[in-house]
Novice: 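I have a structure here, written as structure tokens, and I will follow up with some questions on it.
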Amino acid sequence: MKIGAITIGQSPRVDVTADIMDIFGGRIELVQAGGLDGLTREQIARFAPGEGDYVLVSRLNDGSSVTFAERYILPRLQEAIDRMEEDGCRLIMVFCTGSFPETLSAKNIPLIYPCEILDRLVPLMSKKSNIICMTPSPLQLEQTENKWKNYVKQVKSIAASPYGDWETLEKAADEAKEMDADLIVLDCIGYTQKMKDMFAEKTGKMVVLPRTLLARVVSELTDVK
């Protein structure tokens, strides 16, 4: 089965596929595209977020990260969605946990957003309805908390990029350990299985990893023998 994967950064997202392809058990052919494909760092710099912009953080092909405003990449994402549908993809996964406007759409196939899965499942996973949300950038702290307040009673957010250094992530885990919450949401597709394991071990709390959650949901649609 051919399925698509759209990243807001540059494709292919080899960091994500390293953690999820085993979940599909060799049953899929993955077609990837990105909102920043073909652009130089100088061109991407023009997409810097301004006041009131919805802030996104993603990975470039060289492994570094960039911060930019969502509005600049929406037409590029729609073009990629259209190409994938024309290419015969049965569904498209979005490799980003951010929220996107309804203007993005596929004509005849499912377009599956991790944020929509998280929004519904996280409240069921937290007995206290009290979560800690990890986000890549300090610029995202307010928008992250405003979003999660719609789904849980209390949310505390911590900024530590999955594309940065390991020491910063460990410090974030130490901070999360002392917080009164029973669930940690690693709210970016860039967080890895190794990072999830570290947060769980250091904090003793349950941890949700969007990339593997997304893949396991999609695998329900691709496990036909």
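Remember, predicted model here, so these are calculated numbers, not experimental data.
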Novice: Identify whether the distance between the nearest side-chain nitrogen and carboxylate oxygen of Asp15 and Arg211 falls below 4.0 Å.
Specialist: yes

Novice: Look up atom CD in Gln32 and atom CE in Met84, then write down how far apart they are to the nearest 0.5 Å.
Specialist: 7.5 Å

Novice: Roughly how far, to the nearest 0.5 Å, is NZ of Lys202 from CD1 of Ile184?
Specialist: 11.5 Å

Novice: Looking only at heavy atoms, which two atoms of Leu111 and Ala106 are closest? And how far apart?
Specialist: CD2-N, 4.3 Å

Novice: For the residue pair Phe47 and Phe68, is the inter-centroid distance of their aromatic rings smaller than 6.0 Å?
Specialist: no

Novice: Tell me whether Arg76 at atom CZ has more than 12 heavy atoms from other residues, nucleotides or ligands lying less than 6.0 Å away.
Specialist: yes

Novice: Does the pair Glu167/Lys171 count as a salt bridge with the N-to-O cut at 4.0 Å?
Specialist: yes

Novice: Taking atom types as modelled and ignoring hydrogens, do the side chains of Ser64 and Arg41 form a donor-acceptor contact shorter than 3.5 angstrom?
Specialist: yes

Novice: Within a reach of under 6.0 Å around CD of Gln193, are more than 12 heavy atoms found that belong to other residues, nucleotides or ligands?
Specialist: yes

Novice: One thing to verify: whether Asp180 and Lys156 come together as a salt bridge, which I'm taking to mean a side-chain N less than 4.0 angstrom from a carboxylate O.
Specialist: no

Novice: When you check the gap from the basic side-chain N to the acidic O, do Lys205 and Asp182 get nearer than 4.0 Å?
Specialist: no

Novice: Between Ile6, Ile92, Leu104, which is the residue that forms a side-chain contact (heavy atoms from CB on, under 4.5 Å) with Tyr113?
Specialist: Leu104

